[in-house]
Amino acid sequence: MATDDTLLDVRGLTKVFGDRTAVDQVTFELPRGRSLAIVGESGSGKSTLAKMIVGLEAPTSGTIWACGADRSAPATGSRERRVRGRQVQIVFQDPYSSLDRRQTGAQALDEVLRLHHDYGADYRRTRIAELARLVGLDDRQMSVRPKALSGGQRQRIAIARALAAEPRIIILDESVAALDVSIQAQVLNVLMDIRDATGVAYVLISHDLAVVRQISDDIVVMQDGRIVERGTTEQVLDDPQEAYTQLLRASVPEPGWTPSRRQKRSTT
Amino acid sequence: MWWVRFFALRLVRLVLTLLVASFIIFCALELAPGSPLAALSGGRTLSPEAVAALTARYNLDDPFIVRYVTWLGGVFQGDLGVSIGKRQDVSEIILGRALTSVTLVLMASIIIIVIGITLGIASGLRDRSSNLVTLAATAVMAAIPAFVGATLLLMVFSATLGWFPALGTGDGSFTDLVWHLILPAVALSIASIAVVARVTRAAIREELGTEHVQTAVSRGIPYPAIVRRHVVRNAGISIVTVSGLTIASLIAVAAVVETAFATNGLGSYLVQAAASKDIAMVQGISLVFVTVFVLMNVAIDVIAALLDPRTRAAGAVA
Amino acid sequence: MTTTMPAPAEAAPAVEPMARSSRSWLRRLGPLGIACAVILGIAVVLAIIGPYLPGLDPESTDLPNAWVGPFQLPGSPLGFDAQGRDLLSRLIFGARTAIVGPLIVLIIAMSLGVTIGMIAAWRRGWLDSFLNFGLDILFGFPGILLAIVAAAVFGGGLWAAAIALSVAYLPFIARVVRNAAAKEGAMEYVAALRVQGVSAWRISVRHILPNISPIIVAQGTILFGYALVDLVAISFLGLGVQPPAADWGVMVNENLIGVLQGYPLPALAAGLVIVTVVVAVNVLGERLLDISEGRR
Ligand SMILES: Nc1ncnc2c1ncn2[C@@H]1O[C@H](COP(=O)(O)OP(=O)(O)O)[C@@H](O)[C@H]1O
Ligand SMILES: [Mg+2]
């Protein structure tokens, strides 16, 4: 069972869609203070796994413990979902649908702050400014509609919105995959600064090993819904045991951070 | 086999839809203010014998559900009740007038399909300038209610030019019937022509813009061949669907046109029956209309599914 | 590593003005769209103030004046109808039922249709199937037919017809809203708000509904046009607005005989007014739909 040092504990998690097993007996732990990467090609079940952890999909079987509480079944009421929202947050991939197009960044953060905390209007304003600074956005960028922002700026607001709940864990489901490489680098830097500042743990979902190497301590490799290899980032990336992992690694030109144009991804 | 499943599902839904629709129509009698007896008699005072006859005929002493089942059983045997106003079986009256309405709707359908689709294809293949004219013309046509169209046609072709008879259905011969139904059929089709033409045009435009048509053009395949082989065939599904739905909706609008031209079809009689609160008559004709309407909708669905290669690929349609 | 970031490299578009200005709406409507809005506006204004305008008298009959043409008698620029009533007065008074009737349909069909559509979009599964089946059955009843049956059961009148049409149009609105809401609900921000713990109600009302409102407004406008056509048709049949009230459909009916007797103007004028307003509503509705779907 989960110990105090385990933030997230997933056991035997399985999800079946019709006759397709999207996630198959997945087990892993996220210890306090470390970040975990889940890698695997498109369709290997990473997003489904993430959605089960945050309660957007109900597992077919298996258990999920987060911050010492069982969350194997999706929350039933809004109150329970709010409690869980203060434990685990998620940032998705598509910058163009990650924000309500009628809300400014400040409004989006304000909505979440009011939901979770009993702050007065003044303090909320201060918090919004803090969060904005944390993700590197200025007042002007926070007070326009998403239409006026670039993809990277939108993803930073989405990250700030997740942070506003003050979660212990943030799942990043391909959150930087749709961004240009230089913007990607900036957002990754922001993420690492945030980790230093808040102590939040990341579950980084990616098929980009360069990104993974920069952020995560441990890796699990998924193929067809199953975990095929696991270990520390260095172990797995520098000395992959499985042919599949070697194949994944081979599709990245060089190890380490290489700002190069990447091909279009089609992950959802 | 995908189509077995498809037809089975469609059939189940069809039967359920008709059952519920018949129930709703049956309820009309119950909903009517006052007793069912009063509704059936249309507010007339009846002799005790007539009351007894009606009570027996409609089993008015039975509970509601029993009455519905009995009524439905009767409907299956062609017994739609008796019209108080006409003192005649509803099914007899319907049969007597059906020919006029069927002919009217068929004539209108032919006009709509021929003119609407031709207009649509022609303007879809043309350049922009003629499109503006088509768009303006169809926008106005689509806004002409059938009875306003009837007014215009009567003024121009009957009152002024004297080409066509104004009212009625003629001397009883079928040719005279058709002759009398030309203006009503045109009035019935005006708005629908516009709808069909617009959808056809849009479907053709969209199809012309697709990749495989562009590829065919760049390969130098003759334009008419492309149009025939790719464009019209692929646009066919939406054209069939919209033409079908539009024509199905004429069943009800025919009532308006028949009234305007004093044509004694089913629709005009439905209106008279409604005005005189002859509920049994209204129920009978509505049931016929709804059945035909629902059957046509199903037919359109099936035809569209048969035309669509994706349906076959998908293997199942709910 | 520092927390301050370099200016983003990608070009961000200029700051959008806080409130979407009404001018940009006008520009997107275009001259034709504006013209249509003006025509509809005139009809609405006449529906409100028409009956209070001085010098109008739609109801007093004066049989010797029957079929008297335009400008033949002082104060009657359009002449008189079959029963010697002033045509212009009747046309202006007729605006009221022509606008109010479709408005009733709109309010009922919209409020129910939007609710049902939103629920169906959220609650997939059996509820969605059930609603779909219910809507399928309603599809089986053409609006005019339902209105005729309603008139038979409850007696003629604007209300019975309007309620019947609302029921008949409900499926269209519910489907449109359901599909739009399902599409909006599939956006990642909705999932993010769910994970935050925002209630389904709040997400629906504060996020999804405002975002799909342009589509709802556009469909509502188009629905208004359909309702207008159906309602005047039902009044023409004698099952809607009852004579002697001035209603455009009733007026065509009352004066149809004049078309055959060489006095087509009264029936034609009423018909022309109907067509004009309906064209305006339809074109405006299509414009709004184009705008809401980002085609303009
Ligand atoms: N709602 C769903 N219904 C049916 N199949 C699904 C659904 N969501 C995902 N899948 C299937 O599950 C598999 C894993 O998908 P996903 O978790 O999105 O993979 P990844 O995020 O690794 O690309 C895919 O084959 C996908 O088609
Ligand atoms: Mg994914």
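Every value quoted in this text rests on a predicted model; they were computed, and no experiment measured them. Proteins get letters first, then strands, A, B, ... in listed order; numbering begins at 1 in each.
In terms of heavy-atom proximity, Asn282(C) sits nearest to Ala143(B) at ND2-CB, 4.2 Å. The two residues Leu154(B) and Leu260(C) come nearest to each other via the heavy atoms CD2-CD2, 4.2 Å. Of all heavy-atom pairs spanning Thr151(B) and Ala267(C), the tightest one is CG2-CB, 3.8 Å. Of all heavy-atom pairs between Ala152(C) and Val282(B), the closest is CB-CG2, 3.7 Å. Closest heavy-atom contact between Leu239(C) and Ala274(B): CD1-CB, 4.1 Å.
Only the side chain of Val294(B) comes within contact range of chain C, with at least one heavy atom under 4.5 Å from a heavy atom of that chain. Residue contact with chain C, scored on non-hydrogen atoms closer than 4.5 Å, involves the backbone and the side chain of Leu16(B) alike. Both the backbone and the side chain of Ile148(C) come within contact range of chain B, judged by heavy atoms closer than 4.5 Å. With a 4.5 Å cut-off on non-hydrogen atoms, Val281(C) does not touch chain B at all. In this structure, the portions of Val256(B) lying under 4.5 Å from any heavy atom of chain C include both its backbone and its side chain. Using a 4.5 Å cut-off between heavy atoms, Val149(C) touches chain B through backbone and side chain atoms alike. If you measure heavy-atom distances from Leu145(C) to chain B, the contacts under 4.5 Å come from both the backbone and the side chain.
Atom CZ of Phe293(B) is surrounded by more than 12 heavy atoms from other residues, nucleotides or ligands within 6.0 Å. A 6.0 Å sphere centred on CZ of Phe26(B) holds more than 12 heavy atoms belonging to other residues, nucleotides or ligands. Annotation for Gln83(C): atom CD counts as buried by contact number, over 12 foreign heavy atoms lying within 6.0 Å.
No side-chain heavy atom of Phe236(C) sits under 4.5 Å from any side-chain heavy atom of Val148(B).
Separation of atoms CE (Met155(B)) and CG (Leu256(C)) is listed at 12.0 Å; rounding is to 0.5 Å. Rounding to the nearest 0.5 angstrom, the gap separating the CZ atom in Phe289(B) from the CD1 atom in Ile144(C) is 11.0 Å. Taken to the nearest 0.5 Å, the OG1 atom of Thr259(B) stands 9.0 Å off from the CG atom of Asn253(C).
For the pairing with Pro145(B), the side-chain contact (heavy atoms from CB on, under 4.5 Å) check across Leu228(C), Leu231(C), Val229(C) returns one residue only, Val229(C).
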